[in-house]
Structure formats: structure tokens, C-alpha cells
Student: 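One structure follows; several queries about it will come next.
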Amino acid sequence: MGRPEILFPLFAGIGGLKGVGPAAEKAFARLKVQTVRDLLFHLPSDVVDRRPLDSLAGVEPGQVATLSVEVMGHSAPRRPGTPHRVSVQGGGTFLDLIFFRAQPRWLGDALPMRARRLVSGKLERYGERWQMAHPDVIVDDAEGADLPDFEPVYPRTEGLFPRQIVKAAAAALAAMPPLPEWQDPALLKREDWPAWDAALSALHRPEDRSALSPAHPARRRLAYDELLSHQLTVALGRAAMRRGKGRETAEPHMADGGSPTALAAQAFGYAPTGAQARALAEIRADMARPERMMRLLQGDVGAGKTWVACLALMVAVAAGGQGALMAPTEILARQHGASLAPIAQACGVHLTVLTGRDSGQGLRDKLAAVADGRAQIVIGTHKLFSQDVAFADLRLAVIDEQHRFGVRQRLELMAKAPGGCDVLIMTATPIPRTLALAGYGDLDISVLDEKPPGRQPVDTRLISAERQEAVVARLAAAIAEGRRAYWVCPAVEDRPDNDMVAAEARAAALTEALGAGRVTLVHGQMPPERRDAAMADFQAGRAQVLVATTVIEVGVDIPEATIMVIEQADSFGLAQLHQLRGRVGRGGGESHCLLMYTPPLGETAAARLSTLRDSEDGFAIAEKDLALRGAGDLIGTAQSGVPRFALADLEVHTDLLAIAQDDARRVLALDPTLSSPRGEALRVLLYLMERDASIRLLASG
């Protein structure tokens with residue numbers, strides 16, 4: 001089924017619109033505006049008040065004003081580079097219209113002596129006299145009658161004039177076909193929303209400045225259309241990915257607590273928190289169903305995600321299958337392997353770690369063990385979904401730090417199991433509810449909001465880089481007492497085009513200050529063997545200070561380390577700082593985090609660092625990060641799996657996102673093929689919003 005014929009006019013090129021010539025068409029293309037639909041969604045970024053003023057009383061310099069004036073005289077430039085001045089009277093005063101490089105003949109025709117004209121433009125003061133440089137509007141009274149009270153201002157590029165875009169948008173509005181209503185009439189009535197075409201018209205032909213507000217009914221209506229189309233796509237993908245996995249993964253009952261999960265729970269040495277027990281129960285129930293599990297496990301730093309993941313992997317093993325855990329870095333994969341190996345051994349389960357470093361006969365032996373099922377739990381990096389890795393019976397794929405992997409990689413790992421496998425996605429970055437709905441709406445979510453016993457609070461302090469010598473002196477005293485510390489830098493090496501502190505230079509300086517053998521260095525550009533050796537030295541206490549980049553942000557678990565120094569902390573995001581701080585406070589000793597900043601601190605940086613100093617609640621920190629940086633910045637960095645929206649604003653339209661998710665799931669539960677009258681209208685919406693994935697999923701049944 002192709003695009004509905006009713007939408008053909010909207011997907012026609014803008015070259016067919018009145019007033020859009022070849023040059024304008026090329027300029028619009030630079031704005032990614034190529035079809036009538038694109039032009040309709042190219043919304044104004046500002047509104048200019050063109051209502052005529054009777055007086056300039058109360059007008060501020062820089063304000064746009066519209067006046068009915070009488071032309072009193074012309075003053076041509078006396079030397080090159082000076083303007084042509086036209087003296088006019090209006091608004092109860094005299095003012096000058098200023099023109100640089102204007103043609104005298106044109107000026108004479110546009111502003112003849114004693115003629116009345118309506119002029120509009122930005123006013124400035126020059127001494128005691130008002131002046132208006134290059135007015136936007138110069139028309140006679142008849143033409144002035146057609147001037148709108150409020151004129152839209154559009155984002156533009158070289159080769160496009162403001163009036164060109166206004167006229168092109170008007171032509172696009174005229175080309176809109178009547179479309180079926182896809183929204184629930186009850187919702188439209190409750191929210192007092194206009195029809196789709198009326199909503200677009202209201203934004204392109206604003207009646208006042210409120211049309212720019214995200215809270216304007218027309219904008220909310222269009223934002224909801226976009227969010228609903230997105231949530232329909234997510235819900236259709238969710239249904240497709242959850243289709244039968246071929247077999248359930250229910251753990252067989254074993255008497256006397258002899259099941260691998262029971263043994264694993266005992267081997268961890270502490271009772272699970274209520275949140276861990278709840279999350280594991282949700283995962284067990286999902287794995288026992290014929291549909292594939294697609295669940296996100298998000299927990300704060302130190303909340304015990306590894307405990308939950310390990311027991312989930314044991315459920316897969318106890319049912320006779322295999323489990324895989326994919327980590328984004330080799331350091332994290334080996335850390336998981338080291339922490340889970342004793343648990344697996346206690347349970348009689350064969351665990352192997354598979355990374356890009358494996359080669360030769362060792363690699364062949366590991367691949368053979370995975371292929372014939374002897375390797376029951378496989379931990380690795382991207383290597384896990386390479387072509388040479390074949391599983392005997394993969395039941396569960398655990399993906400750690402989801403935001404570092406794409407959906408395609410998730411699907412490739414799932415494809416290692418005939419009919420697909422259950423998927424558990426973990427993130428140590430607490431996700432604000434808004435972004436979770438937008439980016440992870442295809443997943444069920446389990447939250448670990450408690451910390452296991454033994455986690456210590458971290459004393460967090462802000463300290464100026466000007467006091468660095470005092471910090472090093474305190475660090476020397478601490479390591480003399482046998483304590484261990486991290487020192488994090490934002491860069492690897494010094495570069496002339498970058499003023500970020502480099503880890504290599506800092507490691508050398510600290511070695512000189514603290515003594516040889518006490519400082520080791522880790523960063524992502526090091527050969528893996530050197531990196532592992534440095535980590536081993538620090539873990540064993542042979543080195544007491546680990547200088548590192550953010551390569552240690554997640555997964556590094558050394559309970560003996562109790563000091564974290566983050567240099568140029570004002571250059572990091574809140575979520576990243578919270579993750580780095582989470583490397584300490586893991587043992588029984590008192591822990592400290594020093595956030596070193598370069599003064600003076602800007603307002604936003606100060607708010608960010610103060611938030612971290614005052615709170616250890618990762619979810620509260622994530623919400624504050626969203627408020628400080630905005631959804632766009634978060635989407636572009638840590639939350640890279642979250643889509644960008646053209647019409648919806650995730651910081652403002654949170655309520656609409658939640659409604660859209662409920663609406664989409666309800667629609668598809670009643671009408672999975674979208675064949676009802678409303679379903680057919682929603683198909684039009686999906687085509688209109690270019691949700692190609694949705695259309696393909698519908699076509700595939």
C-alpha cells in the first residue's frame with residue numbers, strides 16, 4: 001500500500017507553488033524545505049507587531065513600529081558612505097528614514113514629497129531624533145489596508161527574503177487538501193484543539209504573539225500529532241519485536257534451593273533490596289511468557305544492577321539455554337567477567353569473556369564453546385554480534401549501557417537466537433521520565449531506586465583549581481594512610497587547540513609530587529594490555545592513585561578507592577559527574593569527591609555542580625540536568641537513543657507524550673492493523689509524518 005492519493009499535493013515539490021522560482025527553490029532546499037509538507041512544517045520563529053501606532057510615546061529603541069507618515073523632504077548623501085535621509089512626520093513627531101546605497105529614482109517613486117505612506121521598521125534614537133533604517137514596509141494607504149496586524153518571521157537563509165517565505169507559506173496553506181480527522185473527538189473537545197489545517201493556519205497567520213507559545217492550542221495540537229505518530233511507530237515496533245520467541249524460558253523448580261539462581265543469590269553475600277527483588281520478579285515473569293521480553297533496567301549508581309542481571313542470566317541457564325551480556329567497552333566487559341566468575345563457579349556454570357582482543361587458538365576454543373553450548377554465560381563487547389559468533393541456544397541477551405548501542409545492534413544480537421530471545425537492557429544513567437517515554441516507549445521499565453547495604457554516602461565538595469596544591473598535599477597525606485584515589489581529567493593529551501587538562505600531563509605531575517610507583521594512568525587510547533596492567537596495579541594497591549579519563553565512568557568497582565578528584569568538573573555534564581562520583585563510596589570507608597573548577601563559574605555550571613554537591617539521588621539529578629541543559633542537549637549526548645522532534649518540545653509537552661503513549665497502545669490493542677475508520681485516518685497521519693517504519697510494520701502484518 002503506497003502513500004494515500006489525498007496526500008499527493010503535500011508531497012509535491014515547492015517549485016509548483018506560486019512565487020517560488022528556481023532560485024528560491026534552491027535556497028529553500030538549504031533549509032531542508034523541498035515539498036509543500038516541508039514548507040507547512042517550517043513554522044515561524046518570531047512574530048512582528050505591525051499594528052499602526054498613533055504616537056511614539058512609550059516606544060523603546062530597537063522596537064518595531066508601524067506609522068502613517070507624511071514625506072517632508074529628502075537629503076541626498078554628500079559624500080560616499082553616508083546615507084540618504086528622508087524626513088517624515090508621523091506619530092506626533094518628526095523622524096528620519098535612513099537608506100544606504102539606495103537608488104535616488106526608486107526613493108523618489110516610493111516616497112514622493114507630501115505623499116502619505118505607511119512605514120514599518122525598527123526604530124533607533126540618533127541624538128534627540130528617531131530614525132528608522134531601511135524600513136521593512138513602505139506602502140500607500142490602499143496597500144496598507146492589507147498589511148496583517150501580526151507578521152510571521154521565519155528561519156531563512158541567503159537568497160530568501162522574509163516576504164518570499166510569507167508568500168510561499170500562504171501558497172502552501174492554499175494547497176492543503178481536506179484530510180480526515182485522526183484524533184479522538186473527545187480529546188479535541190477536552191483540550192479545545194482546532195482541526196489540523198486550522199492549527200497550521202493559526203501558526204502561519206498569527207493573530208498575536210501567543211501563537212509562538214508551545215502552550216498555544218494550535219501548537220499543542222500539532223505537537224500531539226507528532227508525538228502520537230511517534231508512539232504508534234514505537235508501539236508497532238514493540239509488538240513486532242515481542243512476537244513469539246519460540247519457547248518460554250521458565251526456570252525449572254529444584255528442591256532444597258539448588259537452582260542456579262538461588263545459589264547465585266547466596267554467593268553475592270547479601271540480601272537483595274526490595275527494588276532488586278521486584279525487578280527480578282518482573283524479569284522472571286517476562287521470561288516465562290511466550291512473547292519476547294523487552295525490558296529496561298535502570299538504576300542509580302550502586303543500586304545493584306549486576307545482581308539482577310546475573311540472576312536473570314541464571315534463569316536462562318537453569319532453563320537449559322545460554323545468556324549473553326554485552327558491554328560497551330573492554331574494561332567494562334572484563335570487569336563484569338571478573339565480578340561474575342566466582343558466582344558462576346559457585347553455581348557450576350561455565351562463563352567466558354569474549355572481546356576483540358581474543359585471537360588464535362584461544363579465540364577458536366571460545367567460539368566452539370559458545371557454539372556447542374558449553375559456554376553457558378558469555379560476556380563480551382561488540383564482538384558478540386559479529387558473524388563468527390554463533391550460540392547453541394541463546395535465551396537472554398543483556399545489554400549494558402544501552403545509550404552506547406543502537407537499535408540495529410540490539411536486533412543483531414537478538415538475531416543470534418532462532419525466533420529471537422528475551423532482551424534486558426541496563427543503564428546506570430537515570431533517565432528522566434519524559435525521555436524514557438520518548439526513547440524507550442517500546443520497553444517495559446524496571447527501576448532500582450534503593451541501594452544495597454554497605455554503600456556509603458560520598459562527601460562532595462567544590463574547590464577552585466587555584467587550590468590545586470592544597471588538594472595534592474591532602475592527597476599525599478591520604479595515600480600515606482594507605483587510601484586509594486581516582487583523579488579524572490577531561491582530555492588524554494595536551495593539544496594546542498584545546499585548553500582541557502590532559503591525563504598524561506597530570507599523571508606525570510602527580511608522579512613527581514607523590515613519588516614513583518604510586519601513580520598509574522588509564523585512558524581509552526592505550527593498548528589494552530597496558531590498560532589492564534594499570535587497572536590491575538590500582539586494584540591490587542600497588543599503585544594508589546589512578547589518573548584517568550572518563551573511560552572509568554561506568555563499571556569500575558574497586559571498594560578500596562575512597563577519593564575521587566574530578567579536574568575541570570565544570571566541563572562535564574551532570575549525569576557524567578554522577579557516574580564518576582559513583583566509583584567511590586563502594587566500601588566501608590569514608591569517601592570524598594572533589595569537584596575542581598576553573599573560576600569564575602558561570603551561572604549554569606555553578607547550578608550543575610551545586611546540584612551534585614547537594615544530592616546523591618541520580619533520578620533527581622537527571623531531572624535537574626534536563627531542566628538545566630534541555631532535552632535537545634541530553635538527546636544529543638547521553639540519551640542518544642531519543643528522537644528529536646520538529647513540532648513537539650519535550651520540556652513543555654511532557655503531558656502530551658504520556659497521553660500519546662496510552663492512546664497509541666489503546667488504538668493498536670483494538671485495531672492492530674489500523675483498518676477501522678480512525679485507523680485509516682491514522683495511516684494518513686503516519687504517512688504525513690513520514691513514519692516509514694510504521695508503514696512497513698503494518699504492511700508486514
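Counting from 1, the numbers follow the sequence of the chain as shown.
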Student: Rounded to the nearest 0.5 Å, how far apart are NE2 of His74 and CG of Leu97?
Tutor: 9.0 Å
Student: Taking the six-membered ring of Trp182, is NZ or CZ of Arg678 closer than 6.0 Å to its centre and within 45° of its axis?
Tutor: no
Student: Who passes salt bridge (charged side-chain N to carboxylate O under 4.0 Å, His left out) against Arg295, sequence neighbours left out?
Tutor: Glu282, Asp286
Student: Without swapping roles, check the side chain of Arg221 against the backbone of Pro194 for a donor-acceptor pair under 3.5 Å.
Tutor: yes
Student: Do the ring planes of Trp193 and Tyr224 sit parallel (below 30°), tilted (30 to 60°) or perpendicular (above 60°)?
Tutor: tilted
Student: Quick check for you: to the nearest 0.5 Å, what is the distance between Arg163 atom CZ and Glu151 atom CD?
Tutor: 4.0 Å
Student: Is the Phe645 ring parallel, tilted or perpendicular to the His230 ring (thresholds 30°, 60°)?
Tutor: perpendicular
Student: Does the His204 side chain pair with the main chain of Leu40, one donor and one acceptor, at a distance under 3.5 Å?
Tutor: yes
Student: Please say whether the positively charged group of Arg85, taken as NZ for Lys or CZ for Arg, lies over the ring of Tyr126, i.e. under 6.0 angstrom from the six-membered ring centre and within 45 degrees of the axis.
Tutor: yes
Student: Please confirm whether the backbone N or O of Leu574 pairs with a side-chain atom of His578, one donor and one acceptor, at under 3.5 Å?
Tutor: no
Student: When you compare the side chains of Ser213 and Arg219, does any donor N or O come within less than 3.5 Å of an acceptor on the partner?
Tutor: no
Student: Just by distance, do the side chain of Glu226 and the backbone of Leu647 share a donor-acceptor pair under 3.5 Å?
Tutor: yes
